[in-house]
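Beneath this line is the structure, given in structure tokens, with notes to follow.
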Amino acid sequence: MKAHDGLYIDGAWRPAESTDTIEVVNPADEQVIGRVPAGGALDVDTAVRAARAALPGWAATPPAERAARLAALRDALVARKDEIAETVTAELGAPEQFAQAVHAGLPIAVAGSYAELAAQHSFEERIGNSTVLHEPVGVVGAITPWNYPLHQIVAKVAPALAAGCTVVLKPAEDTPLTAQLFAEAVHEAGVPAGVFNLVTGLGPVAGQALAEHPGVDLVSFTGSTAVGKQIGATAGAAVKKVALELGGKSANVILPSADLAKAVNVGVANVMSNSGQTCSAWTRMLVHRDRYDEAVELARTAAAKYGDRIGPLVSAKQQARVRGYIEKGVAEGARLIVGGPESPREKGYFVSPTVFADVTPEMTVAQEEIFGPVLTILPYDDEEDALRIANGTVYGLAGAVWAGDEAEAVAFARRLETGQVDINGGRFNPLAPFGGYKQSGVGRELGPHGLAEYLQTKSLQF
Ligand code: NAD
């Protein structure tokens with residue numbers, strides 16, 4: 001795998017001030033595949049200065065020209081689609097087909113959507129005797145996780161550039177090679193120097209320095225709730241804007257009238273996809289008590305099929321964490337019906353697809369985000385009970401409702417405290433606002449709502 005030994009700042013790859021490095025490991029075979037700089041506070045400062053210097057020029061660039069750069073960025077990503085997929089497979093462990101379709105395909109679609117939105121968005125509106133200008137928020141500090149390494153980057157950088165903001169990106173330490181590829185694509189797209197800057201580094205060092213930097217106007221963070229709370233507090237103290245995309249424990253509510261086999265099969269696939277490392281995964285399946293045993297059998301069969309088809313987890317740390325949760329589930333009395341805490345292979349950070357039945361809402365495995373291929377199945381007595389269980393966590397990122405009648409599912413979805421609900425298996429929409437209720441976050445990503453996060457208004461009265 002190709003790895004740059006510099007940071008991309010002010011339009012060029014330059015050596016880091018810090019001499020520390022990060023080893024990138026292939027989680028499927030535990031081999032080191034590259035080394036990247038672990039930037040420090042000084043490097044972050046250089047990058048933020050470059051972004052500040054580039055801000056007035058980029059903010060004043062006509063939206064049509066910003067749109068043209070974003071279209072060129074999409075094209076550069078398309079040209080590198082295979083390389084992106086191979087890189088994500090190497091550093092995240094995603095199976096090839098999934099890496100092509102989702103890890104490379106989705107960010108291409110999102111970059112394309114912002115090329116269009118930048119061209120179409122009206123950056124000025126008239127309200128009574130006022131003209132309201134939609135102006136860029138300024139310099140954005142973007143901090144991203146490893147689970148969808150390119151998607152998380154594009155979901156922040158594309159709308160920021162569309163809005164006229166400049167960016168310093170601190171990607172996850174586990175997947176910096178994908179971020180370097182993205183920087184190459186930005187460069188090829190002819191985005192002016194300083195508009196996008198990349199500082200690879202550790203969260204508590206480079207990430208924290210970026211979140212605390214007074215030259216950053218908006219911190220956009222995706223990651224764990226624990227770090228998100230810290231970033232929110234830092235930003236709050238500095239009266240800085242903040243967008244947080246955090247964890248989830250989403251409910252898949254199967255109402256009695258639903259097509260049970262379809263709902264269970266799609267539900268299992270949803271959790272096992274990306275080895276369960278999806279913040280919006282439907283990790284709690286809620287089934288009426290009368291159909292519970294049938295659902296458990298269907299889930300057992302469905303999950304068993306994923307044995308050899310899912311990739312490893314991203315790191316030894318995540319593997320240990322997920323296995324710890326499985327042990328906790330057993331200790332708290334949940335019934336293991338597939339999988340378990342044992343490692344299924346000698347090498348690589350694999351965890352078996354795991355399903356727990358007889359899970360009660362208070363159990364740790366039903367409350368905390370596991371971030372692995374672990375499904376919990378909970379019985380409910382009636383709709384009110386299902387609603388109470390579904391809304392009974394600190395999270396509210398996503399979810400699903402299945403019913404024989406679409407209107408019945410929609411009526412239930414209206415009562416869910418969550419940012420997204422898929423009705424009877426509705427498809428992912430890359431233009432729909434994505435983000436959380438409650439402790440799943442602050443703000444929305446994707447589509448026009450995602451663009452609005454990077455704009456602030458100025459009203460001129462006449
Ligand atoms: P994490 O919070 O440890 O790391 C996320 C990013 O924050 C990384 O770039 C990391 O280097 C950085 N970071 C870590 N400590 C920091 C600090 N003190 N200051 C500033 N930056 C810091 O999370 P992770 O382990 O990389 O990702 C898994 C978590 O992310 C899960 O909980 C998952 O639900 C969540 N996630 C949420 C979404 C979403 O859209 N809501 C998407 C993906 C992942």
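Computation of the quantities below employed the complete heavy-atom set of this structure, encompassing side-chain atoms and omitting hydrogens, waters and symmetry-equivalent molecules. All ligand and atom numbering here is 1-based and tracks the order in the structure.
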Shortest non-hydrogen separation from Pro373 to Leu313 and the atoms involved: CD-CD2, 4.0 Å
Looking only at heavy atoms, what is the nearest atom pair of Pro149 and His103, with distance? CD-ND1, 3.9 Å
Taking side chain as C-beta onward, heavy atoms only, is Ser352 less than 4.5 Å from Pro344? yes
Flag side-chain contact, heavy atom, 4.5 Å: Val365 against Val359: yes
Sequence neighbours excluded - salt bridge (charged side-chain N to carboxylate O under 4.0 Å, His left out) pairs with any residue from residues 205-229: Arg52-Asp217
Identify, chain by chain and in numerical order, each protein residue with a heavy atom under 4.0 Å from an atom of ligand 1. Ile143, Thr144, Pro145, Trp146, Asn147, Gln152, Lys170, Pro171, Ala172, Glu173, Gly203, Pro204, Gly207, Gln208, Phe221, Thr222, Gly223, Ser224, Val227, Gln230, Ile231, Glu245, Leu246, Gly247, Cys279, Glu369, Phe371, Leu397, Phe434
With ring centroids as reference points, do Phe371 and Trp146 lie under 6.0 angstrom apart? yes
